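One-based numbering, in listed order, for ligands and for the atoms of each. Note that the structure is a prediction, hence the values are computed from the model and not measured.
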Amino acid sequence: MPGSFFTGTTFLLTGGLFIMANESVHNQAPAKRSGFATALGALIATLGSAIGLGNIWKFPYLTGENGGAAFLVLYLLATFLVGLPVMISEILLGRAGRANVITTMRKLSPSPRQPWWLIGAAGALSAFLIMAFYTEVAGWVFAYVVRSLTSNILSTDPQVTLQTFNALVSDPFQSLLWQWVVLILVGGIITFGVAKGIEATTKRLIPLLFILLLIVDVRALTLPGAGAGLAFLFKPDFSKISTTAALIALGLAFFKLSIGMGAMITYGSYWKDDQNIPSTTLRVVLSDLAVSLLAGIAIFPVVFTYGFEPAAGTKLLFITLPAVFAQMPLGNVFIFLFFLLTSFAATGAMVSLVEVLVAFANEQFHLSRKAATWITVGLLALVGSTAALSNSTLAGFTPFGKTLFDLYDFVTSNVLLPVGGLFIAIFVGWVLKPEQVIAQLTNGGTLSNHGVVRVFLFVVRYISPLLVLVVLLDSLGVF
Ligand code: TRP
């Protein structure tokens, strides 16, 4: 079968499991498929995938780099006109296919000749590249958790907090060590399975994260620079809108909502049959947005109070937060809690990325979940090390003028995810039979969602693909 040959080859490139898997392909009965235990659990686990470093680290630093409120406006447009419809599309595909992303796309495509499974294959590549840099940033977060216990990382002097951060990222040994700690933890959770590992962990932690963010916000809002910080975040200066900003806002929407590479197809395959897809997805998107805004409100008042640079880039979170906590009673305790919860949020997100690869290896090659997980983790450590060392040993290696860390980040958010999302929208809007879409969105006619379905179909056919296409072509300089 040419299909499975290509899938296998692709996975060899992206995952390297082909040879080992071939040995065990046909001699085991497929296991009964697991899923999330409850509807609330499915909602929270999906939220656990969406909420992560994208909200707490990436959103504030990109907003800072791209001009504040005007960027937020672009981001909101991208979220509701592209992000939400693509996310609904992925969840409905997943629940209709009830399998890993590649098998799902094969099952649902109208003819085996049409290579829609390539969306899944490209997704596997995205998962590797995202994990490569994500585990590094998560490693910094973990390192800050431990350091907040063992030493004093708080200071209102920007020079001092910057030095603390630089000392960490420029040390190759520490960078690799923390990345491995992160990978082993993620692997451990995944081996526990979908309901016991993923669902149970996130359900406890997401509410705590909200509460802690609120506490930090109260402190930030009572700083002298709060007004300037809020104005930066909420008062748009439309001269700051540019092609680049539009592409970055779109990429951020994809990244933050975990869409464009099959994570939500995989998670959708674990959703329950009686779950209302449009309304649950909307709740995920709104909660995800709330967490980003809370993170922005925590950070920009600090930036403007202590003279940090809003455009400080990837280090923004790590150099500003120690300053806000330095001003708080029990700051040492709170910064520990804050980074701890951020590490949990990051973990929930990483679990969803790795789950895409593990579900595929597990179902396609009949590897046990354990074997699939640890082989994947080993490969991730290999690819990830090139990102982990990009601030030290490999700092001089800059293809396309970017370090490998920045390159993986740029290529995934600004190319692979939007292109993946474009094809997912086209597939759901134009290729899948509308009856199938309607059946999923109304749960076989038991929900009276017909207005919603009509709006959804219109947006996913005409608006989302067109917007993604225009932004991508524009950034290539076509117009
Ligand atoms: N959304 C997560 C965050 O904001 C990151 C993430 C998890 C992701 N799974 C993904 C990004 C799949 C893209 C695709 O941190």
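Under 4.0 Å is where a charged nitrogen must lie from a carboxylate oxygen, and between Asp288 and Arg283 no such pair does. With salt bridges taken as basic N to acidic carboxylate O contacts below 4.0 Å, one links Arg369 and Glu355. Using a 4.0 Å cut-off between a side-chain N of Lys or Arg and a carboxylate O of Asp or Glu, Asp409 and Lys402 do not qualify as a salt bridge.
Taking the six-membered ring for Trp, Tyr408 and Phe133 have ring centres at least 6.0 Å apart. Close placement of the Phe360 and Phe365 rings is indicated, their centers lying within 6.0 Å of each other. In this structure, Phe142 has its ring center at least 6.0 angstrom away from the ring center of Trp180.
Of the N and O atoms on the side chains of Gln114 and Ser109, not one donor lies less than 3.5 Å from an acceptor on the other residue. Judged purely by distance below 3.5 Å, without hydrogens or angles, the side chains of Trp271 and Thr46 pair a donor atom with an acceptor atom.
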Evaluate the ring-ring contact (aromatic ring centres under 6.0 Å, His included) criterion for residues Phe339 and Trp140: first the C-alpha distance (whole Å), next the side-chain angles of each, then the deciding distance (0.1 Å), finally the verdict. CA-CA 10 Å; Phe339 277 115; Trp140 301 340; over 10 Å; no
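Polar contact check, Ile259 against ligand 1: no nitrogen or oxygen pair lies under 3.5 Å apart. Considering backbone and side-chain atoms together, Ile51 places no N or O closer than 3.5 Å to any N or O of ligand 1. By the 3.5 Å distance cut-off applied to N or O atoms, Leu53 is counted among the residues near ligand 1.
Distances below 4.0 Å separate heavy atoms of Met261 from the following atoms of ligand 1: 12 (C), 14 (C). Annotation for ligand 1: atoms under 4.0 Å from non-hydrogen atoms of Leu417 are 13 (C). Distances below 4.0 Å separate heavy atoms of Lys256 from the following atoms of ligand 1: 1 (N), 4 (O).
Of the candidates Leu257, Ile130, Asn55, Leu252, Ile130 brings a heavy atom nearest to atom 13 (C) of ligand 1. When Gly54, Ala138, Ser258, Gly123 are ranked by how near their heavy atoms come to atom 7 (C) of ligand 1, first place goes to Ser258.
Using a 4.0 Å cut-off between heavy atoms, Thr412 makes no contact with ligand 1 at all.
For atom 4 (O) of ligand 1, the closest heavy atom belonging to the protein is Ala50 O, 2.9 Å. For atom 9 (N) of ligand 1, the closest non-hydrogen atom on the protein side is Ser352 OG, 3.1 Å. With hydrogens left out, the protein atom closest to atom 2 (C) of ligand 1 is Ser49 O, 3.2 Å, a heavy atom. In this structure, atom 11 (C) of ligand 1 lies nearest to the protein heavy atom Phe255 O, 3.1 Å. Among all protein heavy atoms, the one lying closest to atom 15 (O) of ligand 1 is Tyr134 OH, 2.4 Å.
Relative orientation of the Tyr75 and Phe71 rings is parallel, given thresholds of 30° and 60° on the angle between their planes.
Every heavy atom of Trp57 sits 4.0 Å or more from the atoms of ligand 1.
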